[in-house]
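Taking it in order: structure first as structure tokens, then the write-up.
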Amino acid sequence: MSRFSQYTKNIGALLGQSFVQRILGMVTTIVLARILGSASFGVYSIVVNTASSAYGFVRLGVDSAIHVHMAEGHTDNTSRHRSEEILSAGLLLLLLAGVLGGLGCFLMADWLAENIYGQQELAVWIRAAGIVVFLQCVFQFCYTAMAGLHQFIDYAR
């Protein structure tokens, strides 16, 4: 397969994946808003936004570094070994970031619920957001590793 056709196939896979993901996100939001009602949907939004904010704080660009360094490819055993080291370090750093972000949400849940959101009963949901932060870090590693290894079709699936 030529380089151009492989490139086109990878773009198509990622476009298709992105389209399906956006449609599912839109449908999920509509369904959740109707099923949960405004108050419960607000709680859901708080969990998602808190998790996304915490994730943004703790990932520290590790995922971008994996992308950049893995894009070099494997030309010999030395570069393959270097890629293995980058993936290992990236996994370790993102796991640590996930644990740190999750613990941050867990430990600061009462303060965030009271001082930021003004509703103490949201603390339990902010603690649940800590689990989401950890999972985001794990899934981001999977994404960056697959993209870095040029496994776009597998990632899209």
Side-chain angles (χ1 to χ4, degrees), residues 1-33 36 41 43-109 112 116 122-157:
M1 182 178 291
S2 75
R3 182 170 277 191
F4 180 75
S5 63
Q6 183 64 39
Y7 183 69
T8 305
K9 188 176 178 181
N10 289 340
I11 289 172
L14 291 177
L15 278 173
Q17 180 267 342
S18 180
F19 179 76
V20 169
Q21 184 179 18
R22 304 252 188 270
I23 294 296
L24 287 175
M26 182 180 70
V27 169
T28 301
T29 300
I30 293 168
V31 169
L32 284 174
L36 296 175
F41 187 73
V43 171
Y44 165 78
S45 295
I46 286 171
V47 170
V48 170
N49 288 324
T50 302
S52 294
S53 296
Y55 169 69
F57 281 126
V58 298
R59 69 184 172 141
L60 301 173
V62 172
D63 53 341
S64 298
I66 294 171
H67 268 298
V68 169
H69 291 290
M70 292 300 295
E72 297 170 356
H74 311 297
T75 55
D76 57 13
N77 283 340
T78 303
S79 65
R80 183 177 303 278
H81 181 68
R82 184 169 179 249
S83 294
E84 291 170 357
E85 290 174 344
I86 289 168
L87 286 174
S88 299
L91 176 61
L92 178 64
L93 289 171
L94 282 172
L95 286 175
L96 289 172
V99 168
L100 206 91
L103 282 174
C105 286
F106 186 78
L107 296 174
M108 295 182 63
L112 288 169
I116 302 297
L122 293 176
V124 67
W125 294 108
I126 295 172
R127 286 185 180 94
I131 297 167
V132 175
V133 171
F134 177 76
L135 292 175
Q136 281 179 309
C137 287
V138 171
F139 293 138
Q140 188 65 13
F141 171 77
C142 295
Y143 164 72
T144 55
M146 292 180 88
L149 295 170
H150 305 282
Q151 300 298 317
F152 299 106
I153 293 172
D154 292 336
Y155 168 71
R157 286 187 190 134

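Hydrogens, waters and symmetry mates are skipped; everything else that's a heavy atom, side chains included, is used.
Here the straight-line distance linking atom CZ of F106 with atom CD1 of I126 works out to 12.5 Å at 0.5 Å rounding. Atom CZ of F134 sits about 10.5 Å away from atom CG of L103, to the nearest 0.5 Å. Atom-to-atom distance recorded for L91:CG and I86:CD1 is 13.5 Å, nearest 0.5 angstrom. Separating the CG atom in L100 from the SG atom in C105 is a distance of 10.5 Å, to the nearest 0.5 Å. Put simply, OG1 on T29 and CG on L24 are 10.5 Å apart, with the number rounded to the nearest 0.5 Å. To the nearest 0.5 angstrom, L93 atom CG is 8.0 Å from I66 atom CD1.
Looking at L95 and C137, their side chains never come closer than 4.5 Å, going by heavy atoms from C-beta outward. A heavy-atom distance below 4.5 Å is found between the side chains of L87 and F141. Contact annotation: the side chain of L96 never approaches that of V58 to less than 4.5 Å [non-hydrogen atoms, C-beta and beyond]. Put simply, the side chain of V43 reaches to within 4.5 Å of the side chain of L122, judged on heavy atoms.
Here the shortest heavy-atom pairing between A54 and V133 reads CB-CG2, 3.6 Å. Nearest heavy-atom pair, A51 versus A129, reported as atom, atom and distance to 0.1 Å: CB-O, 3.7 Å.
Every pair tested for side-chain hydrogen bond (donor to acceptor under 3.5 Å, both in side chains) that includes a residue from residues 88-97 fails, sequence neighbours excluded, so the list is empty. The stretch residues 123-134 participates, sequence neighbours left out, in these side-chain hydrogen bond (donor to acceptor under 3.5 Å, both in side chains) pairs: D110-R127.
Every ring pair (Phe, Tyr, Trp, His ring centres under 6.0 Å) that Y44 has, sequence neighbours left out, goes to F41.
Side-chain atoms of Q136 and Q140 include no donor-acceptor pair closer than 3.5 Å.
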